[in-house]
Amino acid sequence: MDEMMSYDDILYDATDGIARITINRPDKYNAFRGQTCEELIDALNRAGWDKSIGVIVLAGAGEKAFCTGGDQSAHEGQYDGRGTIGLPMEDLHSIIRDVPKPVIAKVQGFAIGGGNVLATICDLTIAGDRAQFGQVGPKVGSVDPGYGTAYLARVVGEKKAREIWYLCRRYSAQEALEMGLVNKVVPHDQLDAEVDSWCAEIMEKSPTAIALAKRSFNMDTEHHRGISGLGMLGLSLYYDTDESKEGGLAFKEKRKPDFRKFSR
């Protein structure tokens with residue numbers, strides 16, 4: 001695997017110009033810990049600057065989940081890695097946008113919390129009809145105060161984005177399609193074939209033209225990178241509060257949290 005890191009939490013395959021990066025933690029519903037994020041960043045860099053690669057597919061292993069965000073078992077106030085909140089989220093979100101190749105999210109199951117943010121940031125999202133989307137942050141003492149909020153509002157509109165975060169509901173693949181969160185919904189057993197078809201179409205196009213198009217799209221929302229940096233710093237401070245810790249504790253104890261007794 002040349003001089004790049006070896007992977008424990010993800011799978012990497014590059015075949016016929018398509019790089020497939022798969023979060024391989026199905027027993028955790030493909031939730032990510034610090035190591036997972038570092039491996040994703042490395043793999044995205046590896047594929048993004050490889051001239052033989054024309055498109056990147058981001059996926060989750062197994063049948064149940066694309067990704068369900070940060071691993072709560074690795075979250076004790078802060079997560080278990082580097083970065084402002086103990087996860088290098090700013091770096092992971094940025095690299096998806098910065099690589100000059102389209103990144104397609106292949107969503108077969110749950111895209112919840114931080115997984116929903118990843119699906120939002122990817123250039124394209126293709127879902128199977130069993131997929132579910134949504135946020136959980138305010139239910140567990142967390143939030144994504146950057147791309148997960150500001151950029152989501154650009155994708156689905158202000159009213160729907162606020163609904164997603166304030167109510168923390170689950171949305172079907174069809175509902176996600178209708179709000180503009182995904183590009184295409186197909187039967188579960190046709191998802192791989194549909195993603196392959198989209199990849200094949202992209203591979204026929206000029207890579208330089210696509211790279212220019214991607215960068216020009218990004219420039220229109222580049223200020224969200226600054227919002228994310230400031231927001232993650234605020235989130236780090238929030239994680240140190242009893243109010244936030246109540247969310248994680250209630251999640252582990254399988255009870256409803258009582259946030260209001262800690263709120264200021």
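Atom set for the values below is all heavy atoms of this structure, side chains included, hydrogens, waters and symmetry mates excluded.
Side chain to side chain, Glu38 and Tyr7 fail the donor-acceptor criterion of an N or O pair below 3.5 Å. Side chain to side chain, Asn24 and Thr22 fail the donor-acceptor criterion of an N or O pair below 3.5 Å. Looking only at atom types and distance, the side chain of Asp129 has no donor-acceptor partner in the side chain of Gln174 under 3.5 Å away. Looking at Ser228 and Tyr151, their side chains never bring a donor and an acceptor atom within 3.5 Å of each other. Using a 3.5 Å distance cut-off with no hydrogens or angles, the side chains of Arg20 and Thr15 do not pair a donor with an acceptor.
Heavy-atom neighbours of Lys214 NZ from other residues, nucleotides or ligands within 6.0 Å: above the threshold of 12. The environment of Asp13 atom CG is dense: over 12 non-hydrogen atoms of other residues, nucleotides or ligands sit within 6.0 angstrom.
Residues Pro138 and Cys168 come closest through the heavy atom pair CD-SG, 3.6 Å. Across Leu92 and Cys37, no two heavy atoms sit closer than the pair CD2-SG, 4.2 Å. Nearest heavy-atom pair, Gly180 versus Val155, reported as atom, atom and distance to 0.1 Å: O-CG1, 3.5 Å. Tyr239 and Gly141 get closest at one heavy-atom pair: CE2-O, 3.6 Å. Pairing each heavy atom of Ile202 with each of Gly54, the nearest pair is CG2-O, 4.0 Å. Here the shortest heavy-atom pairing between Ala19 and Ala47 reads CB-CB, 3.5 Å.
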Please step through salt bridge (charged side-chain N to carboxylate O under 4.0 Å, His left out) for the pair Glu163 and Lys159, ending with a clear verdict.
CA-CA 6 Å; Glu163 173 193 315; Lys159 293 290 187 180; over 6 Å; no
Pair Lys106-Asp192, salt bridge (charged side-chain N to carboxylate O under 4.0 Å, His left out): steps then yes or no
CA-CA 8 Å; Lys106 185 187 81 171; Asp192 286 334; 2.7 Å; yes
I'd like to know whether Asp8 forms a side-chain contact (heavy atoms from CB on, under 4.5 Å) with Gln35, so could you lay out the CA-CA distance, the side-chain angles of the two residues, the decisive distance to 0.1 Å, and finally the verdict.
CA-CA 8 Å; Asp8 294 317; Gln35 179 177 339; 3.2 Å; yes
When you look at Glu246 and Arg260, which way does the salt bridge (charged side-chain N to carboxylate O under 4.0 Å, His left out) test go after all the steps?
CA-CA 10 Å; Glu246 166 68 3; Arg260 296 200 174 274; over 6 Å; no
Please step through side-chain contact (heavy atoms from CB on, under 4.5 Å) for the pair Asp220 and Arg154, ending with a clear verdict.
CA-CA 10 Å; Asp220 186 51; Arg154 178 65 67 92; 2.6 Å; yes
Could you walk me through whether Val107 and Ile126 satisfy the side-chain contact (heavy atoms from CB on, under 4.5 Å) test, starting with their C-alpha distance in whole Å, then the side-chain angles of each, then the deciding distance to 0.1 Å, before giving a yes or no?
CA-CA 6 Å; Val107 181; Ile126 302 174; over 6 Å; no
Quick one: do Arg225 and Asp98 satisfy salt bridge (charged side-chain N to carboxylate O under 4.0 Å, His left out)? Show the steps, please.
CA-CA 11 Å; Arg225 195 186 303 254; Asp98 289 346; 2.9 Å; yes
Apply side-chain contact (heavy atoms from CB on, under 4.5 Å) to the pair Gln135 and Val117, showing each step before the final yes or no.
CA-CA 9 Å; Gln135 282 301 334; Val117 178; 3.6 Å; yes
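Between atom CD1 of residue Ile10 and atom CD1 of residue Ile21 there is a gap of 6.0 Å, rounded to the nearest 0.5 Å. Rounding to the nearest 0.5 angstrom, the gap separating the OG1 atom in Thr125 from the CG atom in Leu181 is 6.5 Å. Here the straight-line distance linking atom CG of Asn116 with atom CD of Gln132 works out to 11.5 Å at 0.5 Å rounding. Rounded to the nearest 0.5 Å, atoms CG (Leu124) and SG (Cys199) are 9.0 Å apart. Note that CG of Leu235 is 11.5 Å distant from CG of Leu230, once rounded to the nearest 0.5 Å. Atom OG in Ser197 sits 11.5 Å away from atom CD in Gln190 (nearest 0.5 Å).
Using a 4.5 Å heavy-atom threshold, the side chains of Leu118 and Phe32 count as touching. In this structure the side chain of Leu58 reaches within 4.5 angstrom of the side chain of Cys122, judged on heavy atoms. Inter-residue side-chain proximity for Tyr12 and Asp42 is flagged as unmet; no heavy-atom pair is nearer than 4.5 Å. Between Lys101 and Ile18 the shortest side-chain heavy-atom distance does not fall below 4.5 Å. Within the 4.5 Å cutoff, the side chain of Asp9 has no heavy atoms near those of the Ile23 side chain. You'll find the side chain of Arg97 reaches within 4.5 Å of the side chain of Glu222, heavy atoms only. Residues Trp165 and Thr149 meet the side-chain proximity criterion, which asks for heavy atoms closer than 4.5 Å. The closest side-chain heavy-atom distance from Phe262 to Lys245 is not below 4.5 Å.
Residues Ile41 and Met232 share a single hydrophobic cluster, defined by chaining ILVMFWY side chains whose heavy atoms lie under 4.5 Å apart. Transitive grouping of hydrophobic side chains (ILVMFWY, heavy atoms separated by less than 4.5 Å) keeps Leu249 and Phe251 in distinct clusters. In the hydrophobic clustering of this structure, Ile121 groups with Val143; members are Ile, Leu, Val, Met, Phe, Trp, Tyr whose side-chain heavy atoms approach within less than 4.5 Å, directly or through other members. Both Met179 and Tyr166 are members of a single hydrophobic cluster when ILVMFWY side chains are connected at heavy-atom separations under 4.5 Å. Transitive grouping of hydrophobic side chains (ILVMFWY, heavy atoms separated by less than 4.5 Å) keeps Val195 and Leu44 in distinct clusters.
Under the 3.5 Å distance criterion, the side-chain polar atoms of Thr221 are left unmatched by any main-chain donor or acceptor of His224. Formation of a donor-acceptor pair under 3.5 Å by the Thr36 side chain with backbone atoms of Arg33 is found in this model. In this structure, Arg130 contributes its side chain and His188 its backbone to no donor-acceptor pair below 3.5 Å. In this structure a side-chain-to-backbone donor-acceptor pair under 3.5 Å is missing from Lys252 to Gly248.
For the pair Lys261 and Asp242, the salt-bridge criterion is not met [side-chain N within less than 4.0 Å of a carboxylate O]. For the pair Lys160 and Glu178, the salt-bridge criterion is not met [side-chain N within less than 4.0 Å of a carboxylate O].
Not a single side chain to side chain donor-acceptor pair (under 3.5 Å) links Gln108 to another residue, sequence neighbours left out.
Within the cation-pi definition used here (under 6.0 Å to the ring centroid, within 45° of the axis), Arg170 does not qualify as a partner of Phe133.
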